Amino acid sequence: MRRYIGRRVLLYFPTLLLASMAIFAIMRVLPGDVTQVILGGDQTTPRALAQAEDLRQRLGLNDNIVIQYFRWVWSMINGEFGGASIVSREPISEIIARRLPVTLELAAWTTLIAWAISIPSGVIAAMYQNRMPDYFVRIVTVAGTALPNFWIALMLILIMLIFFSWTPPIFYLDLWENPVQHMLKIIWAALILAWGYSSYLTRVTRSTMLEVLRQDYVRTARSRGLRERAVVLRHALPNAMIPVLTLGGLQLATLLSGTVILETVFSLPGIGQGVVQAATERDYPVIQSLVMLLVTLMLTLNVVIDIIYAKIDPRISYG
Amino acid sequence: MSVVLEIEDLRTYFDTEGGLVKAVDGVSYTVEEGETLGLVGESGGGKSVTALSGIRLIPTPPGRIVSGRVLYKGQDLLELSLDGMRHIRGRAIGMIFQEPMTSLNPVLSIGRQLTEPLITELGLSKYDANARAHELLASVEISDPERRLAQFPHHFSGGMRQRVMIAMALSCNPAVLIADEPTTALDVTVQAQILELMQRLTEERGGALVIITHNLGVVARYADRVNVMYAGKIVERSSATAVYGDPRHPYTLGLMSSVPRLDLPVTERLVQVDGQPPNLVDLPPGCAFQPRCPYAQEQCLEAVPELMQTVDNHYAACFIADQLGAGAKAGQA
């Protein structure tokens, strides 16, 4: 077990390194020049060109690309997170400190709601295969996977406005400052993300449960006179959870990209909204640091899931 | 000897895409206290379905028990509620399955699987259940129970897993133990050990043992009485010695001559039962064995022979059972 965790964590670092290279490289080949955004105006006069050149020099954009990369990586490690925003001059570490809790909270609510819904409904759908509860679950989950979440979000806002003359609060307030208003602002995005995420999880849970319920060891459990509840929850469910956990972990990537969209729609000041804002401003240090942060988050979650996975299935850490 | 389990005119049908499969079609037999009963036949003959119907573990759909009675000590199990049936499983009738590799839950420790019904169904304390698990493992000759109980199925070989399965099936002390092809998936060297073990344990406990197998050697050696099944019906029934010494159904006769013999020269071709096992969706008219039977006559095409007594306690479902004496057998070999 310890060796398995060790190996899994060791793989984590090369993956991070590769991801950082990819992010850095992509930022360099994207069209658009940050100096134009900062300076504005007509960029074709000799004076403007000289100014732009001067600015590039100051921002360190003329240095060797490898040196720029290592400078950035080092700043990620020492806690500067790539320095400051080019546009607002706010240190990126402060941007992260301000925005990360919002995204983490949104993701936490989403995950919590999604898992709390999808495991029971997946199990119930499997137990009542091709009967009413199963049909209900299938219809809701097909809708959840098929409808784009930004569309649901816009419809939700419209419906609440037209039928209830109500909109979510305009300003984001801290959970401790005003819990009610805070929840009223964040819960919609969490619910919509949870619908999509849980739809996927529910369908996987249902199909793996159906498969597991046909296994020989389930028949063995039944042949020994165990209660159906014990058969389903103790004998079938843990086996069904193995693929659900893996796929659920992989699906977290989709969930994180979903936060980018929904944070923007519901104006939640999280990392996702920060990335979108930085992208429109060509604020490349902010983009690459925030994206790197999202990637790190994602990879860390996957390591955690792999460890949980080994806890459930004793065969994984074996050999 | 008193009868513990009595199956009466059991019919279990499966709705398949090809049509209705009468996997078990009017089977009756009894299991007596303390005896070892053999249920023999080719794959697809309805042996396993008969056993699974008895404890109502037929996957439904597609399977369904159409009619019949399964009497355990006089009580019809087919009339019981699901909860009532639960109390029969494991405690009155225990089962051992063919595939030891997949019949144990891979994510639960052996100890957990062994003690679970002891705690939840018999109400033993954790401590007592553990002590009982130790005893059970020792009784199936697994050494070092302390360490073994903490391990998982993937730490065990096939034979060891089957021993665990036996321990599990016996954990709640059932009066009847049904073993469905218990040794088919095992090494030949282990097969005998497992069978000896099962028989010794049932004898010690005074319970009954039903061995379902296609292996005639197993039946000859361990069974007291034998039921031969073909196409969902019992075609011959008697004591093991009578069935072996004096088979009265052409199918049994064929099965016996297809067993490889060490006392005959290797150049001798193995006699086989010609033709394919019957398509259960579309059975031939009359006797189901008639297309493969070397003795088939006109009447075999017209009517289905009933299981009838030929000599003392020797039943066969064949019109010419009386003529199939020692002489006919010589002609066949």
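Note that the structure is predicted; figures quoted are calculated from it, not measured. We name chains A, B, ... by the order of the sequence lines, and we start the count at 1 in each one. What's counted below: heavy atoms across the whole structure, side chains too, no hydrogens, waters or symmetry copies.
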Review point. Of the non-hydrogen atoms in B/R86 and A/E228, which two are nearest, and what is the gap between them?
Key: CD-N, 4.5 Å
Exercise for review: Give the minimum heavy-atom separation between A/R219 and B/L57, together with the two atoms involved.
Suggested key: O-CD1, 4.0 Å
Exercise for review: Select one option (side chain, backbone, both, neither) describing which atoms of B/S109 are under 4.5 Å from chain A's heavy atoms.
Suggested key: neither
**Study point:** Region of B/L82 that comes under 4.5 Å of a non-hydrogen atom in chain A
**Key:** neither
Exercise for review: Determine whether more than 12 heavy atoms belonging to other residues, nucleotides or ligands lie under 6.0 Å from atom CZ of B/R147.
Suggested key: yes
**Study point:** Heavy-atom side-chain proximity of A/M241 to B/V107 below 4.5 angstrom
**Key:** no
Revision key, fill the gap. Scanning both residues in full, the closest heavy-atom pair of A/A230 with B/E116 reads CB-OE2, 4.0 Å
Review point. Is it the case that more than 12 heavy atoms not belonging to B/E146 sit under 6.0 Å from its CD atom?
Key: no
Check your understanding: Which one of B/N105, B/T102, B/L104 satisfies the side chain to side chain contact (heavy atoms under 4.5 Å, CB included) criterion with A/Y217?
Key -> B/N105
Review point. Closest heavy-atom contact between B/R89 and A/R222?
Key: CD-O, 3.1 Å
**Study point:** Part of B/R112 within contact of chain A (heavy atom distance under 4.5 Å)
**Key:** side chain
Point to revise | From OG (A/S223) to CG (B/D180), nearest 0.5 Å | key: 11.0 Å
Exercise for review: Check each atom of B/M101 against the heavy atoms of chain A and say whether the ones under 4.5 Å are side chain, backbone, both or neither.
Suggested key: neither
Point to revise | A/R234 side chain to B/L108 backbone, donor-acceptor under 3.5 Å | key: no
Review point. Should we say atom CH2 of A/W115 is surrounded by more than 12 heavy atoms from elsewhere, each under 6.0 Å from it?
Key: yes
Exercise for review: Might you confirm whether atom CD of B/E141 has over 12 heavy atoms from other residues, nucleotides or ligands at distances under 6.0 Å?
Suggested key: yes
Exercise for review: Would you mind reporting whether B/M95 and A/R224 have side-chain heavy atoms less than 4.5 Å apart?
Suggested key: no
**Study point:** Atom group of A/R214 that falls short of 4.5 Å from chain B, counting heavy atoms
**Key:** neither
